[in-house]
Amino acid sequence: LNAANPATCIRNFVQVQVADRMLTIGGKQIEIRGRLIVIGAGKPSSRMAQVIEEILGSYISGGLVVTKYGHSLPLQRIKLVEAGHPIPDSAGIRAARETRDMLRGLGPDDIVLCLISGGASALWTAPAEGITLEEIQDVTGLLLRAGATIRELNAVRKHLSDIAGGQLARWAAPAHVISLIVSDVIGDPIDFVGSGPTAPDTTSFSDAYAIIQKYGIE
């Protein structure tokens, strides 16, 4: 439990050298030359954001993280939004839209720090064109009740979404995107944690359809 505590694991991976504006994450260094935007979603995202604020302080230009109802903690520089989990709601859609607006116009000198953890699939909801929130709510509920695994559920959700399966990274381009991922999926496949908003998708539409057929969902 202590190893997974954001206060422990983030501090082990993230440091900043004030004198030369050098950010070190996982042993890799990047100079803070432009804006530093912090975004994120997941059940522990408010605590993750607190720790990032403690480490990076005034370097943070702005940000927004989404957590489930009742899991808020006080933040100074990053906006916090509560939304529905495990069934997504309109608050999650608004948070995803606001996140996308925040990422518009960034340049190659800017840094986007993504805090991703379990629950992000529901909390960052961005239905693909032609798909409604109600349809995503229905299919999520049906798959949960049918006993689908988290990998199966996320494979389907990725292909109904405009943010999952690496698409968030496209929103942020050409900024430098760095992800801090707390895994709640056995084996730690980064494209399945939170439906992998910054990770290349390893599943296809046919995989998603096969899962729907497996559980007899219309």
Side-chain angles (χ1 to χ4, degrees), residues 5-7 9-11 13-18 21-26 28 30-85 88 91-126 162-164 166-182 190 193-199:
N5 185 328
C9 60
I10 291 179
R11 290 187 186 282
F13 275 85
V14 182
Q15 297 87 35
V16 64
Q17 294 165 262
V18 177
R21 300 179 61 88
M22 193 64 69
L23 179 63
T24 303
I25 298 188
K28 296 182 180 180
I30 178 170
E31 185 181 354
I32 303 172
R33 290 184 296 203
R35 287 170 287 180
L36 175 55
I37 306 294
V38 181
I39 59 173
K43 288 171 280 186
S45 62
S46 56
R47 182 61 182 131
M48 293 175 75
Q50 267 193 338
V51 177
I52 287 296
E53 283 193 341
E54 291 165 8
I55 296 171
L56 298 180
S58 61
Y59 286 113
I60 298 171
S61 306
L64 187 153
V65 297
V66 194
T67 190
K68 68 182 290 186
Y69 294 114
H71 284 61
S72 290
L73 292 170
L75 296 172
Q76 304 298 318
R77 300 175 181 275
I78 302 166
K79 181 177 178 178
L80 181 65
V81 174
E82 291 186 341
H85 175 278
I93 288 185
R94 288 193 298 270
R97 286 175 181 162
E98 191 171 346
T99 299
R100 187 168 196 168
D101 289 342
M102 191 173 287
L103 300 178
R104 294 187 197 278
L106 296 181
D109 286 337
D110 298 320
I111 298 172
V112 177
L113 185 57
C114 300
L115 311 178
I116 300 167
S117 54
S121 302
L123 296 166
W124 256 342
T125 300
D162 250 353
I163 191 172
Q167 296 179 94
L168 174 64
R170 187 177 61 195
W171 291 3
H176 195 106
V177 178
I178 303 169
S179 301
L180 295 178
I181 303 171
V182 177
I190 61 169
V193 181
S195 293
T198 60

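Between the side chain of Gln76 and the backbone N or O of Glu53, no donor-acceptor pair lies under 3.5 Å. The backbone N or O of Ser121 lies less than 3.5 Å from no partner atom in the side chain of Ser195, so there is not a single donor-acceptor pair. A donor-acceptor pair is defined here as one N or O able to donate and one able to accept, closer than 3.5 Å; no such pair exists between the side chain of Ser179 and the backbone of Cys114.
Residues passing the salt bridge (Lys or Arg N to Asp or Glu O under 4.0 Å) test with Lys79 are Glu98, sequence neighbours excluded. With sequence neighbours excluded, no residue forms a salt bridge (Lys or Arg N to Asp or Glu O under 4.0 Å) with Arg97. Remark: Arg47 engages Pro6, Ala7, Gln50, Val51, Glu54, Leu73 in a side-chain contact (heavy atoms from CB on, under 4.5 Å) (not counting sequence neighbours). The side-chain hydrogen bond (donor to acceptor under 3.5 Å, both in side chains) test applied to Glu31 returns no partner, not counting sequence neighbours. Under the rule for a salt bridge (Lys or Arg N to Asp or Glu O under 4.0 Å), Arg77 has no partner lying at least two apart in sequence or in another chain. Residues forming a side-chain contact (heavy atoms from CB on, under 4.5 Å) with Val38 (at least two apart in sequence, or on another chain): Ile52, Ile60, Ile78, Leu113, Leu115. Asp162 meets the side-chain hydrogen bond (donor to acceptor under 3.5 Å, both in side chains) test with no other residue; sequence neighbours excluded. Contacts of Arg100 classified as side-chain hydrogen bond (donor to acceptor under 3.5 Å, both in side chains), with partners at least two apart in sequence or in another chain: none. For Arg21, the side-chain contact (heavy atoms from CB on, under 4.5 Å) test picks out Ile32, Tyr59, with sequence neighbours left out. In this structure Ile30 satisfies the side-chain contact (heavy atoms from CB on, under 4.5 Å) test together with Leu23, Ile111, His176, Ile178, sequence neighbours excluded. Taking Lys68 as the reference, nothing meets the side-chain hydrogen bond (donor to acceptor under 3.5 Å, both in side chains) condition, with sequence neighbours excluded.
Side-chain contact between Val65 and Met48: absent, with no pair of heavy atoms (C-beta onward) separated by less than 4.5 Å. Contact of the Leu180 side chain with the Ile25 side chain is registered, since non-hydrogen atoms from C-beta on lie closer than 4.5 Å. Counting heavy atoms from C-beta outward, Pro108 and Pro174 have side chains that approach closer than 4.5 Å. Looking at Val112 and Thr198, their side chains never come closer than 4.5 Å, going by heavy atoms from C-beta outward.
Atom CD1 of residue Ile181 and atom CD1 of residue Ile190 lie 5.0 Å apart, to the nearest 0.5 angstrom.
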